Amino acid sequence: MSAATTRDRAPRTPRTPAPDRLCAEAVDLAREAAEEAAAPGVVGEHSGVVAEGDRVVTHYFACKEPGYRGWRWAVTVTRASRAKNVTLDETVLLPGSDALLAPEWVPWSERLRPGDLGPGDLLPTEQDDPRLEPGYTGEDAPPPNSALSAELVDQLDTEDAEITDRVPARGTIAAVADELGMGRARVLSRYGLRIAADRWDESFGPRTPMAQAAPATCQSCAFLVPLAGSLSQSFGLCANELSPADGRVVSLAYGCGGHSEAAVMPTPPRPAEPVLDSTAVDPFPLRPASDSGSVPAPDPASEDLGHS
């Protein structure tokens with residue numbers, strides 16, 4: 001095997017054809033097509049020619065339309081093989097590299113924000129919304145556990161009557177489901193509960209400045225209305241009209257200055273002040289007392305002067 005066959009060869013890049021001479025010279029034809037598609041006085045100067053293929057050329061013209069900064073008119077012309085007549089292919093307005101573009105389109109369901117829903121607005125939920133999961137309505141349950149007994153269904157079929165509303169008998173599965181709040185087509189899923197809890201905890205949770213300065217948490221406040229279900233372990237409803245969270249779902253660890261026991265809560269005990277007697281004077285002698293030692297002190301009168 002020769003070295004030429006084992007040598008790595010770089011992949012060939014596609015050849016860019018040179019602009020066809022007749023198509024590149026058809027500037028007036030391209031301008032007429034652009035002016036016909038655009039408003040009067042909008043087509044600017046000729047800005048370039050690009051070869052799209054064999055005998056296919058695109059002419060670019062500047063756009064003077066207000067609001068279309070950086071856009072340009074693109075007019076593609078072509079001609080048949082061995083023909084000298086240049087014909088028009090298409091005319092379109094395209095953005096350039098520095099064109100002013102509209103923001104990327106976002107579906108309406110992703111553009112909605114809390115507070116956007118107004119009176120009369122309808123907000124449909126998707127069939128596979130991850131925040132919801134199927135509930136229990138009793139429609140698919142077989143008799144006698146369904147909301148309608150077999151006798152009533154046969155009677156309605158016989159009389160050709162319509163079902164308006166019927167409260168299920170107490171003790172049936174449908175009645176228990178209604179009592180537990182499950183008598184709906186869909187209920188909140190674990191994901192729906194979690195994102196709701198995160199949202200409420202961020203607005204009225206223990207990490208807010210109001211809760212940090214509160215005298216106590218909402219768990220011991222009389223204005224807290226408990227919730228039902230699993231959320232009752234962490235959240236409740238504030239019923240204090242003077243509180244900034246009135247009518248809102250608050251965390252049990254949240255708190256504010258409107259706590260019901262803020263005025264009657266016992267003050268923390270203060271430590272006793274140290275006792276200092278500033279009126280008495282404690283003597284501090286410079287020399288020890290004469291009778292404090294084990295050897296009797298000499299008599300100064302009988303003591304000699306040190307002569308032998």
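These figures come from a predicted structure and were not determined experimentally. In what follows, residues are counted from 1 in the order of the sequence shown.
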| ring-ring contact (aromatic ring centres under 6.0 Å, His included) partners of residues 218-246, not counting sequence neighbours, each pair once | W200-F235
| Do any pairs count as a ring-ring contact (aromatic ring centres under 6.0 Å, His included) and have a residue in residues 27-52, sequence neighbours left out, and if so which ones? | H46-H59, H46-F61
| query | Under the ring-ring contact (aromatic ring centres under 6.0 Å, His included) test, which residues partner Y191, sequence neighbours left out? | reply | none
Single-linkage hydrophobic cluster, 4.5 Å side-chain cutoff, [X] and [Y] together:
X    : Y    : value
V42  : L93  : yes
L188 : I195 : no
F204 : L237 : no

Over all atoms of both residues, closest heavy-atom pair of [X] and [Y]:
X    : Y    : result
A74  : L94  : CB-CD1, 3.8 Å
A211 : G205 : CB-O, 3.4 Å
L22  : A83  : CD1-O, 4.2 Å
C218 : L224 : O-CD2, 3.3 Å

| field | Contacts of E52 that satisfy salt bridge (charged side-chain N to carboxylate O under 4.0 Å, His left out) - sequence neighbours left out | value | none
| note | With sequence neighbours left out, the residues meeting salt bridge (charged side-chain N to carboxylate O under 4.0 Å, His left out) with R111 are none
Give the table of side-chain donor-acceptor pairs shorter than 3.5 Å for residues 97-106, with sequence neighbours excluded, one pair per line with atom names and distance.
none

| request: If a pair satisfies salt bridge (charged side-chain N to carboxylate O under 4.0 Å, His left out) and one of its residues is in residues 194-217, list it, with sequence neighbours excluded. | output: R194-D198, D201-R207
| said: Tell me which pairs pass side chain to side chain donor-acceptor pair (under 3.5 Å) where either residue lies in residues 209-234, with sequence neighbours left out. | reply: S220-H259
| What pairs meet the side chain to side chain donor-acceptor pair (under 3.5 Å) rule with one or both residues in residues 69-90, with sequence neighbours excluded? | D20-R79, T58-T76
| field | Other ILVMFWY residues reachable from V50 by side-chain steps of under 4.5 Å | value | Y60
Below 3.5 Å, can you tabulate the donor-acceptor pairs from side chains in residues 26-39 to any protein atom, sequence neighbours excluded?
{"residue": "R31", "atom": "NH1", "partner": "G44", "partner atom": "O", "Å": "3.0"}
{"residue": "R31", "atom": "NH2", "partner": "G44", "partner atom": "O", "Å": "3.2"}

Report, one line per pair, each donor and acceptor closer than 3.5 Å where one atom sits in a side chain of residues 243-256; sequence neighbours left out.
{"residue": "S243", "atom": "OG", "partner": "A245", "partner atom": "N", "Å": "3.2"}
{"residue": "S251", "atom": "OG", "partner": "A253", "partner atom": "N", "Å": "3.2"}

